[in-house]
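Presented below is the structure to which this report refers.
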Amino acid sequence: MTQVIAAVVALALLAFLGAHATLLAFLFSRAPRYRGLVALAVPPLAPYWAWRGDLRARVYVWLGSLAVYAAGVAILAR
C-alpha cells in the first residue's frame, strides 16, 4: 500500500511541475514578461496571474495536483 501511495505522490509531483511549467510558459508569452520571472521565485503567483489571464483549466490542475501531493506526503509521513 505504501508503494501505491508513493507512486501517486510521484505522479502528483510530476503533474504539478508540468502544470507550473505551462503556467510559466503562458506568463512568459504575454506582456508584461517579468511575471514569468517573478512566478519562478514566488510560485503561488503563477496560478493567480494565469487565472486572471483566463487559463483556468491549468490552474485547476496546478491546485489539484498540489493538493494530492500534500495529502500523499502527509499520509506517508505518519
Side-chain angles (χ1 to χ4, degrees):
M1 185 64 172
T2 304
Q3 293 173 343
V4 173
I5 296 172
V8 169
V9 168
L11 290 175
L13 180 60
L14 286 175
F16 174 76
L17 293 175
H20 192 71
T22 59
L23 293 181
L24 288 176
F26 169 76
L27 292 173
F28 277 119
S29 69
R30 303 281 168 100
R33 297 191 197 293
Y34 72 87
R35 289 181 176 176
L37 288 174
V38 173
L40 278 171
V42 186
L45 289 176
Y48 172 73
W49 283 327
W51 183 272
R52 294 185 64 190
D54 291 331
L55 206 64
R56 293 193 169 101
R58 289 192 179 109
V59 172
Y60 287 135
V61 172
W62 191 92
L63 290 170
S65 60
L66 182 61
V68 170
Y69 175 76
V73 168
I75 290 170
L76 288 174
R78 295 189 299 138

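Side-chain atoms are counted along with the backbone in the values below, which use heavy atoms only and exclude waters and symmetry mates.
- Put simply, Y69 and V61 are part of two different groups of oily side chains (I, L, V, M, F, W, Y) that touch within less than 4.5 Å, one to the next.
- L40 and Y34 end up in different hydrophobic clusters when Ile, Leu, Val, Met, Phe, Trp and Tyr side chains are linked at under 4.5 Å.
- No side-chain heavy atom of Y48 sits under 4.5 Å from any side-chain heavy atom of V59.
- When hydrophobic clusters are built by joining Ile, Leu, Val, Met, Phe, Trp and Tyr residues whose side-chain heavy atoms come closer than 4.5 Å, directly or via intermediates, V42 is grouped together with W49.
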Show which side-chain atoms of residues 3-26 pair as donor or acceptor with protein atoms under 3.5 Å away, not counting sequence neighbours.
from, atom 1, to, atom 2, distance (Å)
H20, ND1, W62, NE1, 3.0
T22, OG1, G18, O, 3.4
T22, OG1, A19, O, 2.8

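- The same ILVMFWY cluster, assembled from side-chain heavy atoms under 4.5 Å apart, contains both V73 and M1.
- Between L55 atom CG and Y60 atom OH the span is 12.0 Å, to the nearest 0.5 Å.
- Cluster annotation: L27 and L63 are assigned to the same hydrophobic cluster (Ile/Leu/Val/Met/Phe/Trp/Tyr, side-chain heavy-atom contacts under 4.5 Å, transitive).
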